[in-house]
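Scroll down for the structure; my scribbles are underneath it.
Keep in mind that the numbers below use all heavy atoms, side chains included, and drop hydrogens, waters and symmetry copies. Naming: A, B, ... by sequence-line order, numbering from 1 per chain. What you see is a predicted model, and the numbers here were worked out from it, not measured in a lab.
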Protein chains: 2
Amino acid sequence: METSDLTGDELLQVLSTLASPHRMRVLAALVEGRAYVSQLARHLGISRALLQVHLRKLEKAGLVTAQLELSDEGKALKFYEAAPFVLHLTPGSIATAAATLTDPAADHGAAPKGSE
Amino acid sequence: METSDLTGDELLQVLSTLASPHRMRVLAALVEGRAYVSQLARHLGISRALLQVHLRKLEKAGLVTAQLELSDEGKALKFYEAAPFVLHLTPGSIATAAATLTDPAADHGAAPKGSE
DNA sequence: TGCACATGCTAAGAAATGTTGGCATGTGTA
DNA sequence: TACACATGCCAACATTTCTTAGCATGTGCA
């Protein structure tokens with residue numbers, strides 16, 4: 001993952017996702033090794049519901065990946081791990097990405113695709 | 001500015017600041033060249049009040065700098081320009097920064113680190 | 001069966017952000 | 001004086017995001 005590969009919206013999503021203490025810690029914990037949800041929740045000292053929301057956001061942004069596996073006892077465990085990525089942020093790279101931003105607020109109801 | 005130079009809180013501030021369409025566009029506009037507030041507001045098509053808030057946040061995060069100057073007519077103009085910075089974001093660099101996070105909300109008033 | 005453990009979902013309140021509008025200051029010029 | 005332009009501030013509303021609590025499912029084991 002390279003900054004220049006991302007559209008403005010994608011970069012925005014990644015930055016929004018990373019800009020959270022909880023999600024930073026979740027990512028940091030996963031860098032140490034993969035873990036399943038309940039395990040991770042205990043490790044971080046937060047509720048599963050909360051962790052799940054953050055994990056989902058991290059996954060949507062492509063920062064972590066998930067695999068559903070069965071333990072020896074036959075229990076379903078959802079393992080997460082940190083996705084490898086490298087982002088080079090500079091004023092220039094951000095300016096480039098910003099040029100492709102499609103902001104609904106600034107976009108007065110026009111169709112993004114097709115006509116312009 | 002290097003990712004490893006930043007504390008978790010500083011990185012969080014930078015990311016939070018960048019994670020906004022308006023601020024991305026403001027930064028992008030300043031990459032093209034310095035500009036004063038009213039000028040920039042007209043260029044971006046947003047209100048001065050709104051722009052000022054975003055500029056302030058960008059400045060606090062160290063992403064832009066400001067200089068107060070007098071025009072030929074003697075009017076006070078506040079010029080802003082993009083600050084040069086390079087951030088290398090990787091799971092590892094984020095994990096390192098996350099270790100120094102001081103989050104009041106997630107910090108239940110005690111041990112910074114330790115037992116598990 | 002009942003308990004411990006895993007997953008998932010959603011409604012709803014709490015908290016943080018974003019945005020607007022008005023009003024203040026000051027300058028130079030017609 | 002009145003106008004156009006610059007700066008700044010703040011109160012209040014609107015919106016988004018975050019977080020919790022509760023309930024659902026399923027597994028293995030005593």
Do any N or O atoms of the protein come closer than 3.5 Å to N or O atoms of nucleotides 6-16 of chain D, and which pairs are they?
| unit_1 | atom_1 | unit_2 | atom_2 | d |
| --- | --- | --- | --- | --- |
| D:dA6 | OP1 | B:Y36 | OH | 3.1 |
| D:dA6 | OP1 | B:R42 | NH1 | 3.0 |
| D:dA6 | OP1 | B:R42 | NH2 | 2.8 |
| D:dA6 | OP2 | B:R42 | NH1 | 2.8 |
| D:dT7 | OP1 | B:V37 | N | 3.1 |
| D:dT7 | OP2 | B:S38 | N | 3.1 |
| D:dT7 | OP2 | B:S38 | OG | 2.1 |
| D:dT7 | O4 | B:R48 | NH2 | 3.2 |
| D:dG8 | OP1 | B:K78 | NZ | 3.0 |
| D:dG8 | OP2 | B:Q52 | NE2 | 2.7 |
| D:dC9 | OP2 | B:R56 | NH1 | 3.3 |
| D:dC9 | OP2 | B:R56 | NH2 | 3.2 |

Original post:
So, is A:H22 close to the D:dT19 phosphate, meaning a side-chain N or O under 4.0 Å from OP1 or OP2?
Top reply: yes

**OP:** Linking directly or through intermediates, with side-chain heavy atoms under 4.5 Å: list the remaining ILVMFWY members grouped with B:V31, chain and number order.
**Re:** none

**OP:** Output every pair passing salt bridge (Lys or Arg N to Asp or Glu O under 4.0 Å) with a member in residues 75-93 of chain B, not counting sequence neighbours, ordered by first then second residue.
**Re:** none

Subject >> Residue-phosphate contact under 4.0 Å: B:K57 side-chain N/O, C:dT17 OP1/OP2 >> reply: no

**OP:** Nearest-nucleotide wise, let me know which of A:S20 and A:G74 is further upstream toward the 5' end of DNA chain D.
**Re:** A:S20

**OP:** Could you identify which residues cluster with B:F79, counting Ile, Leu, Val, Met, Phe, Trp and Tyr as linked when any side-chain heavy atoms lie under 4.5 Å apart, either directly or through a chain of such contacts?
**Re:** B:Y36, B:L77

**OP:** With sequence neighbours left out, write down each residue that passes salt bridge (Lys or Arg N to Asp or Glu O under 4.0 Å) with B:E69, or none if nothing qualifies.
**Re:** B:R34

For residues 47-65 of chain B, dump all side-chain donor-acceptor pairs below 3.5 Å to protein atoms at least two apart in sequence or in another chain.
| unit_1 | atom_1 | unit_2 | atom_2 | d |
| --- | --- | --- | --- | --- |
| B:S47 | OG | B:L50 | N | 3.2 |
| B:H54 | ND1 | B:R23 | NH1 | 3.0 |
| B:T65 | OG1 | B:Q67 | NE2 | 3.4 |

**OP:** Grab the CG-C1' distance between B:L12 and D:dT17 for me, whole Å please.
**Re:** 14 Å

**OP:** For A:L70 and D:dT27, give me the distance from atom CG to atom P, rounded to whole Å.
**Re:** 11 Å

Original post:
Please give, in whole Å, the distance from D:dT20 P to A:L50 CG?
Top reply: 6 Å

